Amino acid sequence: MFISVAMGTALASSLITISLEIGSKIAKELRAYGANIIVEPLLEGFSEMAGQVRYLREDDIPKVKTIFWRHNITGIAPFLETRVRTGVGTIPFVGTWFEKVIPIPGERTPFQAGVKGVFPWWYVDGEWPSDSSSGSVLVGYILAERLGMRKGDNINLAGRDFRISGILSTGGKEEEEVFGSLSDVQGVAGLEGKVSAVFVSALTTPMEPFAYKDPRTMSKAEYEKWYCTGYVTSISKQVEEVFHGGRARPIWPVAEAEGRVLERLKFGVWLLTAFTLIASALGVSTTMLSSILRRREEIALMKAIGADRVRIGMLFLTEAILIGIGGGLAGYLVSIEATYLIGLKVFGTAFPSRVGLLFIALFSSVSISILGSIVPLRKIYEIRPAFVLRGG
Amino acid sequence: MRGEAEGRRWFFYFVRMSLLQRRLRIGVACLAVIVGVGLSSALITISLGIRERLGEELKAYGANMMIIQREGGYLNEEDIPLLNRVGGRIENPQAQLYGQATIGGRTVELIGVDIEPSTGMRLYGDIPSYGEAMAGTILQDRLRLSIGSVIELTSEGRRGSFRISGFFERGGPEDKAIIVRLKDAQRILGLDKGVSAILLRGKGNLESLRRDIEGLIPYSKVKTLRQVAEAEASLLEKVEFLMALVSIVVLFAVVLSIGSTMNATLLERRREIGLMKALGGTKGSIRNLFLAEALFIGGLGGIVGLPVGVVVAEIVSKGAFGRLVGVPWHLPIISILLGIFLGFSSSLLPLRGAIRLEPAITLRGE
């Protein structure tokens, strides 16, 4: 019985740990789909009509890590798109951060930003250029084929020679562009301190129906709830607030699918947990029943010398509770190890063990032993001493 | 010869009587096996089906492959049915035509596509029907459009007026574009049957699918949209692995739990075993007797556990993904074998201990 309870508790508390953490683990995995928020310069009125080009300030970027939901920001990648003349026509020359460590105002640990983290499917044959003004660039795979260039070659962009450190394949339009470090491109284009778009990767809470409402039409309570929940729209709003003249929008295919996948997986694991709890209670029930059957003679003897059913029941229930506590403790310890291993194997990072879970584990183990004992205990009533003691 | 047949008859008689007379205890052991088999077969069903179910959800991330014309021109709409020949490996092929048109002297991107309600965009209003258009939210702001307003699209002398049926936001450059039905776009752009790209979701090995499609449609080039394809592959792999590990842990726990039940039932029969031995039963014959019982319990538990597991799996799948999960054809075999395995493995160890005991000790009484 002890083993049944311990196993039941271990299963249940492992699954509870997994279901508590699976959301954030899978959310991190889903960040592999790329950024879910894009910030672009806002153009309005006459300037927009005149076809002006505006930029965002590079200085504003680190402030993204100072918003209320700063810990949910997992990646930032700025882009500065320019077109440069070369011997073979005009080609897009894009500046970005590849893997840049930026200091965050008010934080001791710096933040690692750049496309390497935000767009994990970018594949470079060769080496990533450094983020300083290094003079090396990545050339998109299709463009490189068209120009007949290979890594290690030099390419002349706007009168300056750059070394091709690698060939970039992404499966998208980036394969027809040249990527240099942001400071190089700013220098070439004469746009110091400017960027044309910033991609932000953020862990978000799945959207609820009300969150789709225009914030301007929300009631005060709704607005507060919306602003203080990590919805993709509210994080966008907060990101937008740190940029001068910026407009942040969710990238909907990414943001929306993420919410749905997360909700469903979480719900699935919860259901599994519930079934495991029921199964453990049944398991305990069968063990309890068999232990009562085994001790029929003992019970019959107790009855024969005058113990009433309630007393005998209490005896068994106390036993069940003690076993529940012991089994719960053992199960909790087993579950820590099990979830640690599962987390490490599947996601590369362990599921954190929570002390609070110990109480949940104990509670569930005691309740499964009590619940599992209810049916077997009724059997005690049916034991007739004369019949049993006669010899079975 | 005759003695052997007689012995066999007695063997089955013993098993039958033992099962019949100890119905409650057998029921308890069976219940333990049923719970174990039910839980494990539910987990197996869910883990095997999760790739497909989760794949459905990941559809919202959009296409993972794109067919374009090799020379950068247009594909012929009439070639699309050729895609049926690759069978069920593709889903949701969607033809799109891109071009430029002007609205009141301003050039805008025009996308011709017959969109479906759930294509990874926020939609405000209705999907356009013929003669209607849907504007991106940035364009909406720029042109100060509202639902019901009429715009005139022109391209090289061809013109058409469209009623705005709604707006969309995707979070990409498309938000500055206008979407009309594919046929309308072909008319405005003067490209009868022309298609710029076919977006689709490929399943399974994308690389071999790519080669097959390129062989089927002349002048086509297939690009794998790595952003979606790679993230999806790694996510599905992880979730499957997670489910597999959870199943293993559950199975392990189930074996232990059934083992303890079996142990308890065997312990109380030590006297019986002692009596058998005293009456001249060999260790082998006693073991066979009990293993036959375990076989029966395990088999019965497996048979009853199967529907239990299927029901649990369907409830979880229906609840989490809104759809039923397919039961793998080999599940009945697995669950019965699992039941027998559980029955056997959990009684072997306690049985060994019980048989080894000297009859004199067990029969003396406690």
Side-chain angles (χ1 to χ4, degrees), chain A residues 1-4 7-8 10-11 14-15 18 22 26 29-30 32-34 36-38 44 48 119-123 169-172 212 249-257 260-261 264-265 267-268 271-272 275-276 279-280 282-283 285-287 289-291 293-294 338 341-342 345-347, chain B residues 24-25 28-29 31-32 35-36 38-39 42-43 46 53-54 57-62 119-122 137 142 169-172 175 223-231 234-235 238-239 241-242 245-246 249-250 253-254 256-261 264-265 267-268 312 315-317 319-321:
Chain A
M1 174 148 177
F2 178 79
I3 293 180
S4 301
M7 275 305 141
L11 278 188
S14 305
L15 277 171
I18 292 176
I22 189 137
I26 296 286
E29 292 299 320
L30 289 175
Y33 277 101
N36 46 6
I37 296 169
I38 176 173
E44 273 179 327
E48 198 274 319
F119 306 112
W121 65 91
W122 282 28
Y123 173 75
S169 45
T170 66
Y212 285 118
R249 290 174 299 147
I251 299 175
W252 283 111
V254 177
E256 200 129 85
R260 285 178 43 174
V261 170
R264 310 228 136 167
L265 263 184
F267 191 60
L271 277 178
L272 268 184
F275 278 113
T276 314
S280 337
L282 275 174
S285 192
T286 58
T287 339
L289 196 55
S290 62
S291 93
L293 287 175
R294 187 150 54 96
L341 282 176
I342 289 179
K345 282 266 180 263
V346 179
F347 297 106
Chain B
L24 186 61
R25 292 171 174 91
V28 169
L31 188 65
V35 169
L39 201 58
L43 270 169
I46 294 171
R53 289 286 85 81
L54 213 54
E57 298 305 317
L58 295 177
K59 260 186 195 167
Y61 278 106
T119 36
M121 296 181 182
R122 289 297 312 151
T137 44
R142 288 197 183 159
E169 184 172 57
R170 197 171 187 277
D175 294 351
K223 297 181 78 168
T224 307
L225 303 177
R226 293 248 301 272
Q227 171 180 8
V228 175
E230 281 188 11
S234 98
L235 179 75
K238 291 208 163 136
V239 171
F241 191 41
L242 175 73
L245 281 184
V246 169
V249 171
V250 167
V254 160
L256 274 176
S257 168
I258 295 179
S260 74
T261 309
T265 48
L267 272 179
E268 61 167 350
V312 169
I315 291 175
V316 171
S317 177
F321 298 108

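All values derive from a computational prediction rather than experimental measurement. Scope of the values below: all heavy atoms of this structure, side chains included, with no hydrogens, waters or symmetry mates. Each chain gets a letter, A, B and so on, in the order the sequences are listed, and its residues count up from 1.
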Name the region of A:Ile38, side chain, backbone, both or neither, that has any atom closer than 4.5 Å to a heavy atom of chain B. side chain
Would you mind checking which part of B:Leu242 comes under 4.5 Å of any heavy atom in chain A, side chain (CB onward), backbone (N, CA, C, O), both or neither? both
Interface moiety of A:Ile18 toward chain B, non-hydrogen atoms closer than 4.5 Å: side chain
If I take atom CD from residue B:Glu230 and atom CH2 from residue A:Trp122, how far apart are they, to the nearest 0.5 angstrom? 13.5 Å
Gap between atom CG of B:Leu225 and atom OG1 of A:Thr170 - 0.5 Å precision: 9.5 Å
Under 4.5 Å, counting heavy-atom pairs only, tell me which of A:Leu30, A:Ile26, A:Leu15, A:Leu341 racks up the most with chain B. A:Leu30
Which atoms of B:Lys223 come close to chain A, meaning under 4.5 Å heavy atom to heavy atom: side chain ones, backbone ones, both, or neither? side chain
Atom group of B:Leu43 that falls short of 4.5 Å from chain A, counting heavy atoms: side chain
Set of ring-ring contact (aromatic ring centres under 6.0 Å, His included) partners for A:Trp121, sequence neighbours left out: A:Phe119
For the atom pair CH2 (A:Trp252) and CG (B:Asp175), what is the distance rounded to the nearest 0.5 Å? 11.0 Å
Where is the tightest heavy-atom contact between B:Arg170 and A:Pro253, given as atom of each residue plus distance? O-CD, 3.2 Å
Taking side chain as everything from C-beta outward and backbone as N, CA, C, O, which of these in A:Ser169 sits under 4.5 Å from a heavy atom of chain B? Side chain, backbone, both or neither. both
B:Leu31 portion near chain A, given a 4.5 angstrom heavy-atom threshold: both
What one should report as the nearest heavy-atom pair of A:Pro250 and B:Glu169 is CD-OE1, 4.4 Å
Under a 4.5 Å cutoff for heavy-atom pairs, which residue among B:Ile46, B:Val312, B:Ile315 has the most contacts with chain A? B:Val312
